[in-house]
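Have a look at the structure below, then the notes.
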Amino acid sequence: MNDAKKTMETKLVFKDVLAGRFPADVAEKIWADATERLGAMYAGHPDLPKGVRAHTDSFIFPAAAIYLAVKQVSPDSAFEIMQDTMRKIACQKGESLAKMTRHRLFARFFLAMWNPLSHKMFGESAGFRNVFYPKKKGEFRMDITQCPYKTYLTEQGCPELTRLFCDSDVYAYGNLPNLSFTRTKTLGSGGNLCDFHLAVQK
């Protein structure tokens with residue numbers, strides 16, 4: 001439970017949203033329930049590889065725990081609350097990145113780092129299966145054909161949240177100066193893969 005509490009302390013954007021949507025006692029009840037659920041998820045997955053845990057422990061399980069806790073109180077609004085909050089977080093990330101990619105040199109550096117980063121963060125050791133395309137100057141391209149987000153969110157009974165994580169990429173990378181982000185389908189929306197193409201604008 002201590003690990004769960006520590007993780008939940010990093011999810012205060014969600015906590016603030018809940019505080020604005022529900023009476024204080026209800027918001028506190030939801031947060032306590034989510035923390036307990038997260039602790040149970042951690043306890044039920046003690047032996048996940050380190051690479052997989054980087055996604056489950058920090059993102060997948062906390063989102064599932066919060067969503068399921070909200071659904072207990074307000075099933076009709078739970079998805080919309082998660083959607084709005086995750087979009088807000090992703091947009092904030094995009095705004096921060098945009099300040100840096102306004103400099104064309106940094107935009108190229110940001111693109112160049114995607115190749116080594118993707119193999120580490122989104123490779124098989126992290127629970128993904130990918131097609132990594134040959135490296136080309138000024139662009140990065142990969143397809144994700146299996147994803148731990150879909151796997152573990154489905155396991156927790158909330159596969160619909162997968163789409164929100166897929167959408168977060170669009171909000172984070174879709175409006176960066178000097179870079180173009182292209183995606184045509186995702187696993188979360190029923191596609192057979194998530195395509196990811198990032199390129200320097202000409």
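Keep in mind that the numbers below use all heavy atoms, side chains included, and drop hydrogens, waters and symmetry copies.
- Cluster membership check: I81 does not share its hydrophobic cluster with Y171, using side-chain heavy-atom separations under 4.5 Å among Ile, Leu, Val, Met, Phe, Trp and Tyr.
- Residues in residues 6-47 take part in these ring pair (Phe, Tyr, Trp, His ring centres under 6.0 Å) pairs, two or more places apart or across chains: H45-F61, H45-Y152.
- Close placement of the H119 and F132 rings is indicated, their centers lying within 6.0 Å of each other.
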> Can you list the steps and then say if R108 with L179 is a side chain to side chain contact (heavy atoms under 4.5 Å, CB included)?
Replying inline: CA-CA 8 Å; R108 289 184 175 276; L179 292 171; over 6 Å; no
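- In terms of heavy atoms, T35 sits closest to K5 at CG2-CG, 3.7 Å.
- Side-chain contact of S189 with T186: a donor-acceptor pair under 3.5 Å is present, judged by distance alone.
- Just one residue in the list R37, E160, Q156 forms a side chain to side chain donor-acceptor pair (under 3.5 Å) with Y67, and that residue is E160.
- A 6.0 Å sphere centred on CG of L12 holds more than 12 heavy atoms belonging to other residues, nucleotides or ligands.
- Scanning all heavy atoms of the two residues, the minimum distance from G157 to P159 falls at C-CD, 3.4 Å.
- Side-chain atoms of I60 and L153, non-hydrogen and from C-beta on, do get closer than 4.5 Å to each other.
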>> One pair to check against side chain to side chain contact (heavy atoms under 4.5 Å, CB included): V73 and V26. What are the steps and the verdict?
In response: CA-CA 8 Å; V73 173; V26 176; 3.6 Å; yes
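- One finds the CZ atom of F196 at 8.0 Å from the CD1 atom of I144 (value rounded to the nearest 0.5 Å).
- Taking the six-membered ring for Trp and the full ring otherwise, the centers of Y173 and W114 sit less than 6.0 Å from each other.
- Both F79 and L187 belong to a single network of hydrophobic side chains, linked directly or stepwise wherever heavy atoms of I, L, V, M, F, W or Y lie under 4.5 Å apart.
- Within the hydrophobic cluster formed by Ile, Leu, Val, Met, Phe, Trp and Tyr side chains joined at under 4.5 Å, directly or through other members, Y133 is accompanied by V131.
- Of all heavy-atom pairs spanning C194 and R183, the tightest one is CB-NH2, 4.1 Å.
- Residues that satisfy the ring pair (Phe, Tyr, Trp, His ring centres under 6.0 Å) test with F122, not counting sequence neighbours, are H55, F128.
- Donor-acceptor pairing under 3.5 Å is recorded for the side chains of D195 and T184.
- Using a 4.5 Å heavy-atom cutoff, the side chains of L198 and R141 are not in contact.
- In terms of modelled atom types and a separation under 3.5 Å, the side chain of S96 and the main chain of Q92 share a donor-acceptor contact.
- Here the straight-line distance linking atom CG of D167 with atom OG1 of T162 works out to 10.5 Å at 0.5 Å rounding.
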>> Test side chain to side chain contact (heavy atoms under 4.5 Å, CB included) on D57 and T7; report intermediate values, then the result.
In response: CA-CA 8 Å; D57 289 15; T7 298; 5.8 Å; no
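- Within a 6.0 Å radius of CZ in F59, other residues, nucleotides and ligands contribute 12 heavy atoms or fewer.
- For the pair N178 and A107, the tightest heavy-atom approach, listed with the atom from each and the gap, is CB-CB, 3.8 Å.
- Residues meeting the salt bridge (Lys or Arg N to Asp or Glu O under 4.0 Å) test with E80, sequence neighbours left out: R21.
- In terms of heavy-atom proximity, K135 sits nearest to N115 at CD-ND2, 4.4 Å.
- Note that CG of L176 and OG1 of T101 are 4.5 Å apart. Values are rounded to the nearest 0.5 Å.
- For D84, the salt bridge (Lys or Arg N to Asp or Glu O under 4.0 Å) partners are R87, not counting sequence neighbours.
- Here A54 pairs with nothing under the side chain to side chain contact (heavy atoms under 4.5 Å, CB included) rule; sequence neighbours left out.
- In the displayed structure, R129 atom CZ is contacted under 6.0 Å by at most 12 heavy atoms of other residues, nucleotides or ligands.
- One finds the NZ atom of K71 at 11.0 Å from the OG atom of S77 (value rounded to the nearest 0.5 Å).
- The backbone N or O of L193 sits nowhere less than 3.5 Å from a side-chain atom of D143 that would complete a donor-acceptor pair.
- With rounding to the nearest 0.5 Å, the separation of CG in N175 from CZ in F181 is 11.0 Å.
- Here the shortest heavy-atom pairing between P49 and S125 reads CB-O, 4.3 Å.
- Here R163 contributes atom CZ and M82 contributes atom CE; the two are 12.5 Å apart, rounded to the nearest 0.5 Å.
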